[in-house]
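A, B, ... follow the sequence lines: proteins, then strands. Residue 1 opens every chain. All values below were derived from every heavy atom in this structure, side-chain atoms included, with hydrogens, water molecules and symmetry-related copies excluded.
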Amino acid sequence: MTEKKKLLLIDGNSVSFRAFFAMHNVLDKFVSGDGIHTNALYAFNNMLEIVLKDEKPTHALVAFDAGKTTFRTEMFSDYKGTRAKTPPELMEQLPLIQELLNLRGIKTYELKNYEADDIIGTLSKEADEDNMDVTVITGDRDLTQLTTDKVTVKVNVKGVTETEAYTPEHVKEKLGITPEQIIDMKGLMGDNSDHYPGVEKVGEKTAIKLLNEYDTMENLYEHVDEMKKSKLKEHLINDKDQAFLSKKLATINKEAPIEIKLTDLEYQGDNQEQLIKFYQKLGFNSFLERMNVEPEQTQEALSEIKYSELNDEAAKNILNSTEPQTLIIESFGSNYHLDPIIGLAVKSGDNYYATTDISILENPDLKAWIEDESKEKYTFDNKKTIALLHRYGCDLKGVSFDMLLVSYLLDTNDNKSDIGIVSQNYGYNLPMEEEFYGKGVKKAVPEDDHVLMNFLSQKTKIIAELKDKMMSELKDNDQDSLYDEIELPLSNVLAEMEIKGVKVDATRLKEMENTFATRLTEIEQKIYKEAGQEFNINSPKQLGVVLFEDLKLPVIKKTKTGYSTSVDVLEKLKDKSPVVQMVLDYRQISKIQSTYVVGLQKFIQQDNKIHTIYLQTLTQTGRLSSIEPNLQNIPIRIDEGRQIRRAFVPQHEDWEMFSADYSQVELRVLAHISGDEHMQEAFKEDYDIHAHTAMRIFGLNSTEDVTPDMRRQAKATNFGIVYGISDYGLSQNIGITRKQAAAFIDSYFEQYPGVKKYMDDIVKYARENGYVETIMHRRRYLPDIHSKNFNVRNFAKRTAMNTPIQGSAADIIKVAMINMQKMLDKENLQANLLLQVHDEMIFEAPKEEIPILEKLVPSVMDSAVKLDVPLKVESAHGKTWYEAK
DNA sequence: TGTTTCACG
DNA sequence: ACGTACGTGAAACAT
């Protein structure tokens, strides 16, 4: 029995283009030793890895364009006329990509006067006739015309590692036409990027409609006279020649005079030896890892540092030095509140010290140095380092450079939490944590202590060497005070909050667990009875079958895997069957039970407290996030869930929980940065802002005429504005038509012209500068603002509008937290700041201190920054978190 | 490992 | 004509 043959055809030029732009933002970070860019090469190879694994081809070829002139330019001199020429940074990579393919055992081919498309078209047809399966990989949708039962065309979506697979069925489903009709469609609609015209005013939708009626362009033109008089008919007649020319240009030539045979295309597999050399030359460490190149070899790439044992004598030297020194405390695991320290390294001047003997932390000299605020230190992740050392009895002070925080401020875009990635971005060859320790079952501390100590010493070296460069980048961005005055001091405050932890009443949670378990069983039985069958209510798939097939409820929305059963869908089906309400109830309770009642108990430590971890360098806007567990999403909106808050208690008897939150910070921030007069006035006069908005957009004379429903709609509109309004989004949210929503927005902008101007200006700013920033100069880069894709671009626009608002609000509470901690210290209060939930702070305090906090906290919070409108703070307190609201 | 759902601001 | 609200984390299921 012969194995089925499979041919892989890759459109070399279009995938290289895609690869280049997918990694355009890291262009400068991917440069080889001899100064050649390698970003496209890297991304291309990433794609290859995935494709080879998925497709397992027996034959493969990558086709390239041969040059500028082809048979198409002879037909139409302006073909691809306006296309920007290939950037030189990509040009220089094309030979490398060919070399890579050669080493990976894949043939490449180009043919004078023909495009890569034509080579692929010709070969895929040949292979099809030979009964081979064919997969085509391309960034160009036009190639979907080649789709047949045997030929699948996979088109890159966002980047190059993900593709959308086009079979004839998928083409039909997506476009409503057959693959053969695609050229007719292109003929009618033309192509902007290839710069051929088609018929005036005919786009994709119209073209498809016409083809559904007339099947082919030829048939359409045979019957064009019978069409009833319309602009469309006129355009069709006027542009007939162009349409036929465009169709010809769009048609991939399946008879190109290629000199290569299918049998020449056998996939050879990697030339291991040469490929390793190639990767090494380019510093492609992650690919080397994937080839299972012996760890020794990868380690070799990491140069050796001459370090000595971090012992008593070294500790003395460290303490005696007056220079800033670099410190790495390494833990192993995912939660630094529990993980053990496995090693330490200090760079002191030109000396490197490292050890895996943790008892050195008992050395008085080392401890004195760690705890001396005047001894300046550099590190990566100050908060984590503080938390780790705290558990070993040391109180770290004096960190002035935290490489993690700085790299986050410089660019929030990609994952900065790994020192290996940050180092690689600056041209250093340091493995990522996962590369060094391994992943999954293979994850382990290196057996050889020397390997670990060398790794830690490398870290200290890189941190020390990059400090000046990164700090000067901060200064260039005008972000030095954001770092010095906010993020770095905040990391100390957050460390204290995490270490302090919040006490949780486990008994209470246990009681709730039993109550909810009983209720869940009850509802479950009722649902089974009503539905006439038993099934897993938690399975969207099974629930979908019961609701939409067995009970035949109308399908409101679909997900990519089946029926949607989300709340907004179920809400609409409530009166159609009693099961729906039961399912909603079940969902609600089940969520509370699994995520909170049961989930939280798992995080209660020996001290009866929960110690969350705040991620200070994750969000794109500057907010914090909280994990293991997330204490920023404890239920409040519905009372059953809100009961969870009764389990959060102060750590001592006779203490209380105290919480203070900003009222409408984001809208106040908007009023400030937009400078809108009317909105500012509303806040200065302390009006009910949503009622005020309702009054204005509904054209009333007084807020007394505002009905509760008007206020509700105005409130939703205010939210929409903050999120970067769209009529559709608003209409969905408050259940009105899109037209009505659009009218709302128009009237909103009329009433608050300053807001309108802000929205326009900020998008323009993003386009011109490539980023937006907050009041404290926190930046978010928005490369997508230039995207050709409508959706992607619009998303970037909304982000541009929202980020300065959400981000400035985040800045404000961060300042308030720092000031608050200072104030508690200064006033010698026992109260502890425990939690932050975006616009509120939660404290525990002795009862006697509550009256003090009631004055102090709001005054610190509302004076955190000076805006053109006042900030307003509300507070509450009680025996548990539940009462403190 | 990805998808869906839902908790919060 | 395009298809959406902004920012998060966790649990459960399906693959």
Side-chain angles (χ1 to χ4, degrees), chain A residues 162 189 201-209 412 440 536-544 557-570 583-584 587-600 602-603 612-615 618-638 640-642 644-645 661-662 664-666 716-717 719-734 738 741 745 780 788-807 809-810 813 835-840:
Chain A
E162 270 178 61
M189 67 186 271
K201 292 276 181 247
V202 172
E204 192 174 299
K205 295 284 138 155
T206 318
I208 289 169
K209 219 168 73 193
T412 52
N536 185 347
I537 308 164
N538 281 320
S539 160
K541 198 176 165 193
Q542 292 180 39
L543 180 62
K557 203 167 72 179
K558 289 196 130 199
T559 66
K560 64 173 107 167
T561 50
Y563 312 108
S564 171
T565 65
S566 57
V567 224
D568 51 314
V569 171
L570 296 189
V583 169
L584 282 167
R587 280 257 181 90
Q588 215 164 68
I589 308 286
S590 152
K591 171 87 181 180
I592 297 165
Q593 181 77 318
S594 62
T595 307
Y596 300 101
V597 180
V598 176
L600 283 176
K602 297 177 195 153
F603 290 100
T612 185
I613 292 180
Y614 288 104
L615 300 181
L618 182 134
T619 70
Q620 299 298 306
T621 53
R623 276 190 177 182
L624 301 176
S625 91
S626 156
I627 58 165
E628 293 184 50
N630 180 357
L631 293 184
Q632 291 181 318
N633 71 345
I634 303 301
I636 189 165
R637 291 171 195 172
I638 43 173
E640 273 123 331
R642 194 172 187 161
I644 300 285
R645 295 181 173 225
D661 68 288
Y662 283 112
Q664 287 122 13
V665 241
E666 294 192 340
T717 311
F719 271 103
I721 292 288
V722 168
Y723 293 156
I725 198 83
S726 80
D727 49 11
Y728 181 85
L730 183 63
S731 73
Q732 287 295 300
N733 198 292
I734 50 179
R738 219 170 78 204
I745 294 165
R780 179 172 184 177
K788 276 171 72 177
N789 183 305
F790 178 91
N791 286 322
V792 174
R793 191 174 60 247
N794 272 2
F795 185 60
K797 280 190 197 170
R798 293 198 295 274
T799 312
M801 299 186 235
N802 171 263
T803 296
I805 302 172
Q806 191 182 118
I813 194 165
L835 302 170
Q836 186 254 39
V837 191
H838 310 307
D839 63 359
E840 66 174 324

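Using a distance-only test at 3.5 Å, with no hydrogens or angles considered, a donor-acceptor pair links the side chain of A:Tyr614 to the main chain of A:Gln836.
Within 4.0 Å of A:Arg637, counting heavy atoms only, lies at least one base atom of the nucleic acid. Here A:Ile805 lies out of heavy-atom contact (under 4.0 Å) with every strand.
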Show me, pair by pair, the donor-acceptor contacts under 3.5 angstrom made by side chains of residues 789-802 of chain A, not counting sequence neighbours?
from     : atom 1 : to       : atom 2 : distance (Å)
A:Asn789 : OD1    : A:Asn791 : N      : 2.8
A:Asn789 : OD1    : A:Val792 : N      : 3.1
A:Arg793 : NH1    : A:Ser787 : O      : 3.0
A:Arg793 : NH1    : A:Lys788 : O      : 3.4
A:Thr799 : OG1    : A:Phe795 : O      : 2.6
A:Asn802 : ND2    : A:Val722 : O      : 2.9

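With sequence neighbours left out, A:Gln542 forms a side chain to side chain donor-acceptor pair (under 3.5 Å) with no residue at all. Not counting sequence neighbours, the partners of A:Ser564 by the side chain to side chain donor-acceptor pair (under 3.5 Å) test are A:Ser566. Looking at residues two or more places apart in sequence or on another chain, you find a ring pair (Phe, Tyr, Trp, His ring centres under 6.0 Å) between A:Tyr563 and A:Phe548. Applying the side chain to side chain donor-acceptor pair (under 3.5 Å) criterion to A:Glu640, with sequence neighbours excluded, gives A:Arg519. In this structure, the side chain to side chain contact (heavy atoms under 4.5 Å, CB included) partners of A:Arg587, at least two apart in sequence or on a different chain, are A:Leu543, A:Thr565, A:Leu570, A:Val583. Take A:Ser626 and apply the side chain to side chain donor-acceptor pair (under 3.5 Å) test, not counting sequence neighbours, and it matches A:Thr612.
Within residues 561-568 of chain A, the residues having any heavy atom under 4.0 Å from DNA chain B are, by residue number, A:Thr561, A:Ser564, A:Thr565, A:Ser566, A:Val567.
Straight-line distance between the P atoms of C:dT4 and B:dT3: roughly 15 Å, to the nearest whole Å. C:dC2 sits 32 Å from B:dA7 when the C1' atoms are compared, rounded to a whole Å. When the P atom is used for both B:dC6 and C:dA5, the distance is 15 Å, rounded to whole Å.
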Protein heavy-atom contacts under 4.0 Å, written 5' to 3' over nucleotides 9-15 of chain C as B (base), S (sugar-phosphate only) or - (none), form the string BBSSSSS

Using a 4.0 Å heavy-atom cut-off to protein, can you give one letter per nucleotide of nucleotides 1-6 of chain C, 5' to 3': B if the base is in contact, S if only the sugar-phosphate is, - if neither? SBBBBB

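Here the closest non-hydrogen pair linking A:Ala207 and A:Val202 is N-CG1, 3.8 Å.
On the nucleic acid side, DNA chain B has its first and last nucleotide under 4.0 Å of a heavy atom of chain A at B:dT3 to B:dG9, going 5' to 3'.
Within the 4.5 Å cutoff, side-chain heavy atoms of A:Ile644 are placed close to those of A:Val597.
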Pairs under 3.5 Å (Watson-Crick or G-U), crossing ones as [ ], inter-strand ones as |: DNA chain C comes out as .....|||||||||.

Show, in sequence, the C-alpha distance, side-chain angles and deciding distance for A:Asp568 and A:Gln732, and conclude whether the side-chain contact (heavy atoms from CB on, under 4.5 Å) test is met. CA-CA 10 Å; A:Asp568 51 314; A:Gln732 287 295 300; 5.6 Å; no

